[in-house]
Amino acid sequence: MSDRVARERARPRLRRALSGAAGLAVAGALLTGGPAAAAEVPTAGLLASYDFSETSGTVLHDGSGAGRDATVVGGEDWHAGYMQFDGANHVKLPDGILQGEDAATIVIETSPENLAGAQFLWNIGGSGNAATGQFFIQPVAPRLSISKTNWTGEQTATATRKLALDQWQSVAATISRNGTGTTSTLRLYVDGELWAEKTDSTVNLADLTAHTLNYIGRSAYSADALYRGKVSSFRLYDSALTATQLADIAAVDAPAAAAETVAGIDLDAANEQDLAQVETDLVLPRAGGVSWESDPAGVIAADGTVTQQAADTAVTLTATADVRGQTASRTFDVTVLHAPSAAEQAQRDLAAIAVPDAGDLRSSITLPETGSRYGSALTWTTDHPEIVDVEGSGGIAPGVVTRPAADTQVTLTATAQNGGVVATREIELLVRKAYVMPETTDYLFAHFTGTEDSHTDEQIYLATSRDGATFTDTRADADPVLSLAPDEGDGGVRDPFLVRSPEGDRFFLIATDLSIYHRGGWGNSQATTTGSTKIVVWESTDLVNWSEPRLPDLAGSIPGAGMMWAPEAYWDEATQQYYVYWATRSTEQNTFGDPVNMYIATTRDFVTFSEPRLWIDRQISIIDTTMFKVGDWYYRASGDGQITIEKSKAIDVLSVSQTAKTSGTEQEWVQVGTLQSILGGTTEACSTGRNYTGNCLEGAEFFRYNEDDRGAAEALYGLMTDQYAAGKGYLPFRTTDPGSTSAADWSKATDVDFGVLKKRHGAILPITQREYERVMYHFAGVGEDPDAGPVLAVTASTRCAAGKVVLMASVRNDGDTAATAVVSTPYGTKTLAAVAPGGTVSAAFTTRTASIAAGTVEVTGTAGGGERTESADYAALHCG
């Protein structure tokens, strides 16, 4: 039966027969394989049985007749006879389900999808945190354990073999008291075969006194990750079943699991393209032991590769699940469209072109030269070449945008050439008017909290500061501003970096896609070898309203890439593009020592990136590079065993050496010094805060202090470092010259108050007063909405004229609509009507006196029904 027919029929509620499962069919699945009629599921001593055949709701019904229903917590995810455990949900079993028993058997049919980190397959008993005793399987080892308290008292049977990912396995545990009565025997079986045994456990099932934390898919420890995988049955008995009985259960469950697997395949959801109009390769799900065949052959390969034919071709795909020799199959009807002609290829290359933010364009764009689908040659023209440069010159790629004085509609014309065929497409852009960037006076700090004890620790929090010394958290702990759901990327986000566009009115927040919490802690995380190679990107035009996160695979093309950590970006005026740089582990592109090195790529929109290139390779790992420009020099600080500071006049020159070079040309990266050497750090414990080596510090972040916070210094820069080894958050430093090795130009900042939340590897961005007010109003609930009325910048000054003091007040309209401003002074009031957006209007007040004291000018502006009052101080003046 085809998938279309199957979807029109209601899926039956499956209940496994206790006497066998031969001949079972689910939603069009055809079972094959040897008969299973001889195998029977034992019924004696059955305490609870769950077959996961529910189709909705949070109640998991007990099929044993004992009425011990369980509850799904964290979101049900039913699939035609099994439930998907996605790392955010679990099952709560009834309290006391094994209380008072001396022996037990627990059998679970499961297909694991993640076997890394700290996690439990199931838990019976109490809390590991509270040391109240637990009986469980840890599937990663795998091992069966029981303890009266917690991990310190575990009695364990550990297997020497591993469970298989994405394959159904019948995993069984038995415990029974020995003849002496003082010890018990633990046995771990997989598919009816004994994998591990402990015959002298000094902890018995009856020793468990707490029986309130009975779970499937959740650990007894709050910091452990939830289980990820499929579960199709779970049974509990009050005795230790034999290997033969467990093999019978495995034989009965195999055909059911196979049928449920193919019945649960959603080929539509796995693919973005319409299955009736297939043009590109398909995603063919394989979890649960699924393989694929197609008819006719040669059109869709077993791995989903599509080869288009001369005519549209109807293809029948057959998915077959194999569970312990029992198979079930299901068919899907798809249509592969004919191979396109040269003209169609050109049109489809044109159709695939996307200009990010085309309806709200504020920065330069990427104009591709080659079609992304069929390789057509692309050229560009425009009706506004003064706004969008489609030619490029001097090493600068086409697509540079010069914003006009008013919002302007621009038409781009893309021409595609393919096999002698020419096709065109017009793309409409709305280019926003030029933005006048106000002076920055305040700061925004994006960070994560980093204790890794919960899902919310590795998410994005924002803090603000008026002076760069005292920071205010905008949200409480466990209430992040931006976050990833457990099923988005790795489920957590770390190392955020804030980027302001060169025009000033668009922001990007980029970060690491990583959750150590969901991976079960650093010791189990395999974060550098199996980590995400994607970068997390949010964007905003106001620092309050952020886009949905996107996760481009930035490092995935690096051979053997194991992760993508701590991305930062720098806008380069010379080439009109952002340089993005980050750490990736790759043994295949490694020259010296540790394979964790820095890579670099370019982008204009954080959607399309160039191919990544190796940037820094050291003898030991190098991570967390931060960079900015002072004068003609670029400065970068990295964690490479030290916090090493280098300088160069070229950004992307390759640095491959055992340690940072101490000499070289201006076009090479040359070491300035290290924090340890410049400030005379000690070798004391990291907790003292006086050891500045990479053993204690990482996550270096450069930033600039605003002019009003520099004091007497002509320039002032900050360098924040994360005290990861001591778990103490940021340690701040200041310098008036990042190129200096003199301690006189550097200092540890002892006056910084980072607020209540611990600040882990993040970034500090100078922001305007209005941006500060907006963030505080929307995220912290403090102050007024700066967008509710006109946005006016007020200045006041005094001067002498004919021996009398004249008071001058100037009002600049930083808003988007014309405003009326009423200027009030001790010497009179004036109304300035229709102050245009971006315009400045001044008013003069004659005091008729030769001397005035210092005072304040107040301006009340109205626009669009809103009102706002701003003020400015003026100095005392004596004329004469």
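Every value quoted in this text rests on a predicted model; they were computed, and no experiment measured them. Starting from 1, each residue takes its place in the sequence as its number.
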Contact summary for A700 and I643, nearest pair of heavy atoms: CB-CG2, 4.1 Å
Do any N or O atoms from the side chain of Y570 and from the backbone of T626 form a donor-acceptor pair under 3.5 angstrom? no
Mind checking whether R519 and Y517 have side chains closer than 4.5 Å, heavy atoms only? no
Would E76 and T58 count as a side-chain hydrogen bond (donor to acceptor under 3.5 Å, both in side chains) here? Give the steps. CA-CA 6 Å; E76 69 274 12; T58 60; 5.8 Å; no
Please check this pair: side chain of W522 against backbone of A527, looking for a donor-acceptor N/O pair closer than 3.5 Å. no
Residues passing the ring-ring contact (aromatic ring centres under 6.0 Å, His included) test with Y635, sequence neighbours excluded, are none
Any heavy-atom pair between the side chains of N114 and P112 that's under 4.5 Å? no
Does the pair N89 and Y227 meet the rule for a side-chain hydrogen bond (donor to acceptor under 3.5 Å, both in side chains), with working shown? CA-CA 8 Å; N89 58 356; Y227 181 67; over 6 Å; no
Please list, chain by chain and in numerical order, all residues satisfying side chain to side chain contact (heavy atoms under 4.5 Å, CB included) with S219, sequence neighbours excluded. F120, Y221, D224
Please walk me through it: do R774 and T768 pass side-chain hydrogen bond (donor to acceptor under 3.5 Å, both in side chains)? CA-CA 10 Å; R774 184 184 295 126; T768 67; over 6 Å; no
Partners meeting salt bridge (charged side-chain N to carboxylate O under 4.0 Å, His left out) with R466 (sequence neighbours left out): D442
With sequence neighbours excluded, tell me which residues meet ring-ring contact (aromatic ring centres under 6.0 Å, His included) with F702. F628
Shortest non-hydrogen contact from Y717 to T736? CE1-O, 3.8 Å
Before giving the answer on side-chain hydrogen bond (donor to acceptor under 3.5 Å, both in side chains), spell out for T587 and N590 the whole-Å C-alpha distance, their side-chain angles and the decisive distance to 0.1 Å. CA-CA 5 Å; T587 56; N590 186 58; over 6 Å; no
Considering non-hydrogen atoms only, spot the tightest contact between L614 and Q589 and give its length. CD2-O, 3.8 Å
Pair listing, salt bridge (Lys or Arg N to Asp or Glu O under 4.0 Å) test, anchored in residues 445-457, at least two apart: E452-R494
Centroid-to-centroid, Y443 to F471, below 6.0 Å? no
S363 and E503: side chain donor to acceptor below 3.5 Å: yes
Derivation and outcome, side-chain contact (heavy atoms from CB on, under 4.5 Å), residues I516 and E458: CA-CA 8 Å; I516 296 302; E458 295 166 285; 3.4 Å; yes
Closest contact, heavy atoms only, N695 versus A725: O-CB, 3.3 Å
Anything under 3.5 Å between a donor and an acceptor, one on a side chain of residues 551-566, the other on a protein residue two or more places apart or in another chain? List them.
| from | atom 1 | to | atom 2 | distance (Å) |
| --- | --- | --- | --- | --- |
| D553 | OD1 | T533 | OG1 | 2.5 |
| D553 | OD1 | G556 | N | 3.0 |
| S557 | OG | E611 | OE1 | 2.9 |

Roughly how far, to the nearest 0.5 Å, is CG of L765 from CG of L498? 5.5 Å
Closer than 3.5 angstrom, by distance alone: can the side chain of R228 be matched with the main-chain N or O of E113 as a donor-acceptor pair? no
Rounding to 0.5 Å, atoms CD (E548) and CD (E488) come to a distance of 7.5 Å
Are the ring centres of Y705 and F703 closer than 6.0 Å? yes
Please check if the side chain of Q676 supplies one atom and the backbone of Y692 the other of a donor-acceptor pair under 3.5 Å. yes
Would you check if L675 and L719 make a side-chain contact, meaning some heavy-atom pair closer than 4.5 Å? yes
Do any N or O atoms from the side chain of E539 and from the backbone of D605 form a donor-acceptor pair under 3.5 angstrom? no
Would you confirm whether T474, through its side chain, and L462, through its main-chain N or O, come within 3.5 Å as a donor-acceptor pair? yes
Ionic contact status for R506 with D360, cut-off 4.0 Å: yes
Do S454 and T456 have a side chain donor and acceptor closer than 3.5 Å? yes
Is there a donor in the side chain of T470 and an acceptor in the side chain of S465, or the other way round, less than 3.5 Å apart? no
Flag side-chain contact, heavy atom, 4.5 Å: V493 against W538: yes
With H518, which residues qualify under ring-ring contact (aromatic ring centres under 6.0 Å, His included), at least two apart? H455
Would a 4.5 Å heavy-atom cut-off, applied to side chains only, mark T721 and F733 as touching? yes
side-chain contact (heavy atoms from CB on, under 4.5 Å) with Q459: of P480, S515, P496, only one passes, and it is P480
Note, P502 side chain near E573 side chain (heavy atom, < 4.5 Å): yes
Do side-chain atoms of R403 reach the backbone of R432 as a donor and acceptor pair under 3.5 angstrom? yes
Using the rule ring pair (Phe, Tyr, Trp, His ring centres under 6.0 Å), only one of F497, Y578, W571, F507 pairs with F606; which is it? Y578
What orientation do F445 and Y730 show, parallel under 30°, tilted 30 to 60°, or perpendicular over 60°? tilted
Quick one: is the NZ or CZ of R734 closer than 6.0 Å to the six-membered ring centre of W746, and within 45° of its axis? no
C686 side chain reached by Y724 side chain, heavy atoms, under 4.5 Å: no
Is it true that a side-chain atom of N706 and a backbone atom of D709 form a donor plus acceptor pair closer than 3.5 Å? no
Is S638 reaching over with its side chain to a backbone N or O of I622, donor-acceptor style, under 3.5 angstrom? no
Listing request: all salt bridge (Lys or Arg N to Asp or Glu O under 4.0 Å) pairs with a residue in residues 775-786, at least two apart in sequence or in separate chains. E784-R868
Are a donor atom and an acceptor atom from the side chains of T693 and Q642 found within less than 3.5 Å of each other? no
By ring-ring contact (aromatic ring centres under 6.0 Å, His included), which residues pair with Y581, not counting sequence neighbours? W615
Could you pull out all residues at least two apart from R618 that satisfy salt bridge (charged side-chain N to carboxylate O under 4.0 Å, His left out)? D640, E646
Pairs meeting criterion salt bridge (Lys or Arg N to Asp or Glu O under 4.0 Å) with involvement of residues 753-770, two or more places apart: D473-K759, E698-R760, D722-R760, R770-D787
With sequence neighbours left out, what residues match Q723 under side chain to side chain contact (heavy atoms under 4.5 Å, CB included)? L697, K728, L731
Taking side chain as C-beta onward, heavy atoms only, is L430 less than 4.5 Å from L361? no
Using 4.0 Å as the upper bound for N to carboxylate O, is an ion pair formed by K534 and D490? no
Verify, without hydrogens or angle tests, whether S540 (side chain) and N545 (backbone) share a donor-acceptor contact under 3.5 angstrom. yes
